[in-house]
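Contents: one structure, followed by commentary.
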Amino acid sequence: MTPVRVRFAPSPTGFLHIGGVRTALFNWLYARQQQGVFILRIEDTDQSRSTDQSIQAIIEGLRWVGLDWDEGPYRQTERMDIYRSHAMNLLEGGQAYWCVCKADELEARRKEAETKGLSPRYDGRCRNLGITQPSGEAALRFKAPQTGQTVVDDLIKGRIVFDNTVLDDLIILRSNGYPTYNFSVVVDDALMHITHVVRGDDHLTNTPRQVPMFQALGFPVPQFGHLPMILGSDKARLSKRHGATSVIAYKDMGYLPEALVNYLARLGWSYGDQELFSRSELIEKFNWKNVQTSAAVFNPEKLLWLNAEYLKTGPPEAVARTLVPFLEQAGLFDPSHPVPQEWLVQLVVLVRERAKTLVDMVEWVKPYFGESVVWEEEAATKFLTPANAPVLRKLLERFVSLSGFSKQAWEEQFKRLVDEEGMKMGQLAQPVRVALTGRTASPGLFDVMEVLGRERTLSRLQQSLARAEAAHA
RNA sequence: GUCCCCAUCGUCUAGCCUGGCCUAGGACGCCGGCCUUUCAAGCCGGCAACACGGGUUCGAAUCCCGUUGGGGACACCA
């Protein structure tokens, strides 16, 4: 058995988008499952559109989702001589020819053909000119087969037959000496011994153009697999107007990479009714057979649900760690009062089932930072009233009389007071909630007290009592 | 225009290959209820789909043909 070698080959013309991540993920999963090799290759032969910044963005994105590569990143612009020499081999073998048609002429002819309702293909006028030493600018074209069929046995779509009459004589070397995509991929996939070329569905019709090149070059043809596209809610190809498409945008919005990976894996692949997969489970269970053949609509709500799921079931220590940069950004860290890690973990446990993202979590966690309460005006006006002041005072006195802090003891004391006053739980709980957190919604009151600690619970009660007493009826 | 791919709840999907177990299952979302000190979470329940038309068959979501619809490709982009 030859070892599995797969690759992810993005072009660095922008950030790493969701569709790219899924393509990379499926390749990566297969490589890890088969104990094969996952290669990162940057297809930057388009000088005008490629940027180093994009390469960095791709690398940053892959790292964030934890898709590590075993070889690369290779850059095609560093392999120019290789493509040129293989192109020359084709020329010498009579499988390629010089084309002296000008780019704008080709463009004009293409347009003309289109208006006549014809195929906008190259008409092959230089094919039999036999130019050996072009005097001016010339591009090298591959002599594509014109008869017969090219059969692609796709890992995902099955057997697909293309009539070779639809094939075009593709340019493989531009007049500036740079190879074109369809040629450099073939040379690289062959030379890098790629066993499975797995890419987006949009490359499906590139495959019958590439297969004859493998053959002309004398290389074995790899297996192909074409992943269905990811669409936006309007069923059009996923793009900016559907919301965020950059992976890093998801990082910034407070998503966990595990959640994104889980979501993307399930988008277009399934394993019975299972929805939640750990990374090792994905590696173990992934297979081509259950990859969907049809396009999938990206559903942000389901991703959000998954993220919430990971937030509340993941190890709180890890969640706390990833939360830190978000807390810093929100200015919640006072450098003179470093926050103990274990308190942060406690805080995460306190709020995690209410937050759907880390950004969300910051909001939930805000009331527990700082000595004093910051009230939401509406909440304070409604609950910190002179009418509520006497019972708040009684509660404060009783809490003060309890020496240490124990959740059970304080809860018991609280309920006894409710009983004695003939109140309902909620009648006291809401004012106290506002007194402690400044808000009308919070986790369980006694859990809140525990995280706040005895001193802050008492001081915040005191502070809120003062406001209640001073408020006008 | 030509070629290629695709078609199950609003969305992701199971089932399709190897027809009967499908009165079509799960998940997200939505709606209702329970729980409850608030908000969540959790639990229970509900709404909701085999694109259409022909075949084949005792029987079709499943096999075949056609139609329609959606997507992709047709660059000296990748």
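Scope of the values below: all heavy atoms of this structure, side chains included, with no hydrogens, waters or symmetry mates. Lettering of chains follows the sequences in order, A, B, ..., and the numbering in each one begins at 1.
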Salt bridge present between A/Lys102 and A/Asp104 (N-O < 4.0 angstrom):
no
Please evaluate the base of B/C76 for a donor-acceptor partner in the side chain of A/Ser175 within a cut-off of under 3.5 Å?
yes
Look at all strands and tell whether A/Cys101 reaches a base, only sugar-phosphate, or nothing, counting heavy atoms closer than 4.0 Å.
base
Tell me which of A/Ser442 and A/Asp202 sits closer to the 5' end of RNA chain B, going by the nucleotide each one is nearest to.
A/Ser442
Could you tell me whether the phosphate oxygens of B/G42, OP1 or OP2, come under 4.0 Å of any side-chain nitrogen or oxygen in A/Lys312?
yes
Residues A/Arg209 and A/Asp168 bridged, charged N to O under 4.0 Å:
no
Under 4.0 Å from OP1 or OP2 of B/U11: is there any side-chain N or O of A/Ser233 that close?
no
Taking RNA chain B as the partner, which of residues 11-29 of chain A come within under 4.0 angstrom of it by heavy atom?
A/Ser11
Short N/O separations, protein against nucleotides 61-68 of chain B, under 3.5 angstrom:
none

Answer with base, sugar-phosphate or nothing: what part of the nucleic acid does A/Ile160 contact at a heavy-atom distance below 4.0 Å?
sugar-phosphate
Is the distance from the ring center of A/His203 to that of A/Tyr181 below 6.0 Å?
yes
Hey, does the side chain of A/Thr180 come within less than 4.0 Å of B/A75's phosphate (OP1/OP2), counting only N and O?
no
Using only modelled atom types and a 3.5 angstrom limit, is any donor from either the side chain of A/Asn206 or the base of B/A78 paired with an acceptor on the other?
yes
Below 4.0 angstrom, N of the basic side chain to O of the carboxylate: do A/Glu411 and A/Lys407 qualify?
no
Can you build the contact string for nucleotides 24-33 of chain B? Use B for base contact, S for sugar-phosphate-only contact, and - for no protein heavy atom under 4.0 Å.
-BBBB-----
State the CG-CD1 distance between A/Leu267 and A/Ile18, to the nearest 0.5 angstrom.
9.5 Å
Students often get this wrong, so: under 4.0 angstrom with heavy atoms, is A/Arg110 touching a base, only sugar-phosphate, or nothing?
sugar-phosphate
Answer yes when A/Glu377 and A/Arg467 have at least one side-chain N-carboxylate O distance shorter than 4.0 Å, and no when they do not.
yes
A/Asp153 bridged to A/Arg159 by N-O distance under 4.0 Å
no
With the threshold set at 4.0 Å, does a side-chain nitrogen-carboxylate oxygen contact exist between A/Asp188 and A/Arg41?
yes
Quick check on B/A14: is either OP1 or OP2 less than 4.0 Å from any side-chain nitrogen or oxygen of A/Gln292?
yes
With the threshold set at 4.0 Å, does a side-chain nitrogen-carboxylate oxygen contact exist between A/Lys157 and A/Asp201?
yes
